[in-house]
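One structure below.
Per chain, numbering begins at 1; letters A, B, ... match sequence-line order.
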Amino acid sequence: MSDAEKNFEVPAYDAEAIETKWQAAWEADELYKTEEDPSKPKKYVLEMFPYPSGDLHMGHARNYTIGDAMARQARMRGFDVLHPMGYDAFGLPAENAAIKHNTQASVWTHQNIDQATKTMRRMGFSYDYDRMFNTCDPEYYKWGQWIFLKMWEKGLVYRDTSPVNWCPGCQTVLANEQVVDGKCWRCGSIPEKRPLSQWYFKITDYAQELLDDLKLLEGKWPERVRAMQANWIGRSEGAEIDFALADVDGITPTDTKITVFTTRPDTLFGVSFFLLPPESPLAAELVAGTEHEAAFLELKAAAEKVSSVDRQGSEREKHGVFTGRYVINPVNGRPAPIWVADYVLMDYGTGAVMGVPCGDQRDFDFAKKYGLEIAPIICEKDDPLYDDLKDERELRVTSVDWDHAMEAEGYLVQSGRFTGMKGGKHSEAVDAIIEWLGEQGLGRKTVQFRLRDWLISRQRYWGNPIPMIHCDCCGDVPVPYDQLPVTLPDNLDLGAGETLAEYAPFYETTCPKCGKPAKRITDTMDTFTCSSWYYLRYCDPHNEELPFSKEAVDRWMPVDNYIGGIEHAILHLLYSRFFTKVLRDLGMIDCDEPFENLLCQGMVKDANGDTMSKSKGNVVPPSSVIEPFGADTMRLAILFIAPPEKDFNWDEEAVAGANRFIKRAWRVVWMLSQGAAAGAVDAGALDAAGKELWRTVNAMGLKCTADFDRCQFNTAISAVMEITNAASKYVNDVAAEKRDAALSFAAADTIVTMLAPICPHWAEELWHEALRQEGSVYNAAWPEFDEAAAKADEVEIAVQIKGKVRGRVTVAADASDEEVEVAAKAAVADQLAGKEIKKVIVIKGRLVNIVAV
RNA sequence: GCCCGAGUGGCGGAAUUGGCAGACGCGACGGUCUCAAAAACCGUUGAGGCAACUCGUGCGGGUUCGAGCCCCGCCUCGGGCACCA
């Protein structure tokens, strides 16, 4: 160690002092206000905004740390960055807390928001706080109502009475997406089916586009999220086929034909029965007054009792009753008995199914149970059955003891003119039968989706009121635009159980059309409507004329990097895509998809790999790391432990390790700063130690930059660690007066600026105090690196014989393949003696493989 | 049942997409400093072997000069959808 160093004392790293100092300075300078500089390329970085149900937890900390590192680095790379934050503030937890504590939901919500915002500032996140809003602000939800009305005008909103999921825990209805594993997504209660008049958004109008545009997101969204959405939308191609009702003596059914949806029209000849769901009004008509009615009613009552959880799982036994009626198979004129079965869904397809036991496991099980015909109509050509049945004229049925339905692939038998054709999904037989049915006017090609319309009305107080009025004369009438917002009253006695529906000052009004007394709709909108467009409002948060201006969203949309949890893979991310397409069709935005790149961060679990929860008592609050180590250590640890999309288990040793590194790098930067001077590094003038450090700075600088580009913060950090290690060696090995001033500065500058997006306070302090720079490191340029300087003059390469490493040789980095080959052969000459060299493969800078026998 | 994703040291995880497996870190071990400990710093650390070497990326095959990476057949774990006709 040199004398200069002995005399130089590195200041202690006091995270607490540094962090509070810079947070205050940044706030005073409004450092993170969005630039709005159109001369720069834009980057919109967004983290899913939180629900303010308490203080932020580790999951939030991870989510926002990832986004903040991205946003800060983008700024340093020369982008005009939009990086906002806000709160998804409507919802049941606030209302429940208000009821429990006999207060107002807004009070509880704002308390939590204040606390969470404090924590955000304490973490040093670079949000433009001027753009912050809460969805429960009337200035925000007014525009949610405005969008609702636009959708109403477009015919995308309707009211319907049908059985819906009623959550007894939350005392409100739920959308299909909000019933997860048969349970309420929020409280875990098991929803009941209730027929209620409810409001819907017609998301099914966009089913095809929502599916198709997933292709635009290929490689940009995680594969599993795209797969989940495709799964949820659930497109099936098939045909509708009309079956005529037969044997209707004594009744006059509403319709004389019943249409089924099937994905397998090729199995039409194998229909041996016909199925209706228990809720089917037609089924009720068919059995009315007959000997079958009692059994039918019993089945219907039993089916209604089955909960959504029990409905899950294909293991459940199927139940059915015969109606005494028949339909005629359009393809061969055979009558098929109509049964009512509890495995048939009323709200999928046409609510009627053709029973083909030989091709469908469920139909097979049902046929076996009730002794119904099984007609083999599809098999492989090498099956003896094929020759046996291919010339049948009269359908041969069987009760042979098959133990399962036949494979769905194969060739058709006893299928009239279609016999011998290849059957199966998307097969020639499917096309041929659809064509034939079309010619006969008996069927047509069609597509079905699993996706249902989005039920958005909630019978709860703490939400955005649906801006509609019900008038006995005029029906449902929209609230005029100039009367928006319909303001949520803030003086309900929630503790006493008062609801909007009972609160006359809210619901009493007059009809905007006829002027007579009328009643406001007292349902509020699903909170997911609030979060479906908030990213657009951030582009123009103070607009009083519109939800947002076209100009603002054209500037910022789409969100370039969206970061959030996988739990929204279907819910929020599907709804937001839907809103974006609707608003596009309203001419308000130009983009088709809201989120260009999606990163779903993994969960933070406890040390044993269990999810953290209050009830388990294993929650590690962010403050438990910030207090002893500081926000920078916390941020570094979160990003270094694992790649962002992976789950990780909280590890105190790893946090201590991150803190050790931050202190080590602190010391190294200070040491380098002694005698350092900014300037161009003259690589030719460096000594061997200097050359090695310069090479590492450039090689690892390039790697770190590339790793930021692919959001691999763990390896980006490891690259900075390698520079720090190399710099540490340099300051240890080379006396201060012999060090290169420009190199010392460059190495220190690289460590500080590349760590700045991750440890902003640490970097800011070193930037000013050690490197003596003006202005914030946030505005510093991301360092540039030199490919040529990243390469060593000489490289050691492996010499393989038939793929096994047999020696090593050091060659000049720019040596030709021929030179390398000669050197390699010389290095393993003894082992090549007496062998014939068949081939030599030279991989530049890596290895030589000599194939010799 | 259908659809995704993942299996690499004691641990978290790397590997520029077919080119020296295990970067970086944690832990462990050894050393320096200290009366001692902590901290810090310097080493060692996939397994087996004294060694030269051998074996090693869930399992079994294959392609290739060369496979963690590509192909075929499995196994295990995680996740999503699900009586969806």
Side-chain angles (χ1 to χ4, degrees), chain A residues 180-182 222-236 238 260-265 267 275 277 311-318 341-345 347-356 359-363 365-366 448-452 566 569-570 637 640-643 645-649 651-658 660-661 663-664 667 699-700 702-703 706-707 710 712 714-722 724-725 728-729 732 796-808 838-853:
Chain A
V180 179
D181 291 336
E223 191 53 40
R224 57 182 172 151
V225 175
R226 299 197 310 123
M228 275 189 236
Q229 291 214 356
N231 233 330
W232 185 261
I233 295 166
R235 185 182 197 271
S236 287
V260 293
F261 171 72
T262 178
T263 56
R264 295 297 304 277
T267 63
L275 298 165
R311 230 169 227 282
Q312 310 263 314
S314 42
E315 299 302 304
R316 225 176 100 238
E317 202 189 343
K318 298 162 180 41
D342 60 0
Y343 70 97
V344 179
L345 303 174
D347 60 352
Y348 182 77
T350 60
V353 174
M354 60 186 213
V356 186
D360 183 284
Q361 186 66 43
R362 294 157 304 178
D363 294 347
D365 295 342
F366 192 76
Q448 284 293 328
F449 293 93
R450 192 185 344 252
L451 183 71
R452 299 291 185 280
I566 188 78
I570 294 171
F640 183 62
I641 290 176
E645 65 280 359
K646 271 199 82 161
D647 288 355
F648 74 75
N649 299 348
D651 179 356
E652 289 190 19
E653 301 285 3
V655 177
R660 199 175 306 152
F661 169 68
K663 287 195 284 194
R664 207 162 96 78
R667 191 185 71 87
M700 290 300 121
L702 286 167
K703 177 174 164 50
D707 287 344
R710 37 179 210 136
Q712 293 297 300
N714 55 332
T715 51
I717 292 164
S718 80
V720 182
M721 285 174 168
E722 293 202 46
T724 308
N725 290 346
S728 174
K729 190 169 162 53
N732 285 344
E796 190 189 58
I797 62 169
V799 182
Q800 297 181 335
I801 297 174
K802 285 182 78 182
K804 302 258 183 202
V805 179
R806 292 294 178 217
R808 303 192 161 272
K838 296 249 178 193
K839 199 173 175 183
V840 177
I841 294 115
V842 179
I843 305 296
K844 225 173 181 42
R846 297 193 172 273
L847 57 79
V848 175
N849 190 6
I850 300 167
V851 187
V853 283

What is the base-pairing partner of [N], counting Watson-Crick and G-U wobble geometry with both distances under 3.5 Å?
N     : result
B:G66 : none
B:G5  : B:C77
B:A37 : none
B:G30 : B:C42

Is the backbone of [Y] close enough, under 3.5 Å, to the side chain of [X] for a donor and an acceptor to pair up by distance?
X      : Y      : answer
A:S728 : A:T724 : no
A:D707 : A:Q712 : no
A:R224 : A:I566 : no

Below the 4.0 Å mark, does [N] have OP1 or OP2 next to a side-chain nitrogen or oxygen of [X]?
X      : N     : result
A:R660 : B:A39 : no
A:K802 : B:U64 : no
A:K663 : B:A40 : no
A:Y343 : B:A85 : no
A:Q229 : B:C81 : no
A:S236 : B:A85 : yes
A:N732 : B:C42 : yes

Determine the Euclidean distance between corresponding [atom1] atoms of [M] and [N]; express it in Å to zero decimal places.
N     : M     : atom1 : result
B:G5  : B:C50 : C1'   : 47 Å
B:G78 : B:G60 : C1'   : 24 Å
B:A47 : B:C35 : P     : 36 Å
B:G31 : B:C24 : P     : 24 Å
B:G9  : B:G22 : P     : 14 Å

Select base, sugar-phosphate, or nothing to describe what A:K646 touches, counting heavy atoms under 4.0 Å on all strands.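 Answer is sugar-phosphate: A:K646 comes under 4.0 Å of backbone atoms only.
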
Applying a 4.0 Å non-hydrogen cut-off, can you work out what A:R710 is touching in the nucleic acid: base, sugar-phosphate, or nothing? sugar-phosphate

Polar pair under 3.5 Å, donor/acceptor by atom type, side chain A:R224, base B:C3: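 No such pair is found, so the answer is no.
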
Tell me if the side-chain of A:N231 makes a donor-acceptor pair with the base of B:C81, cut-off 3.5 Å, by modelled atom types. no

Counting only heavy atoms not in A:E652 (residues, nucleotides, ligands), do more than 12 fall under 6.0 Å from its CD? no

Please state how far atom NZ in A:K804 lies from atom P in B:G56, giving the value in whole angstrom units. 8 Å

Six-ring centre of A:F366, A:K318 cation under 6.0 angstrom, axis tolerance 45°: no

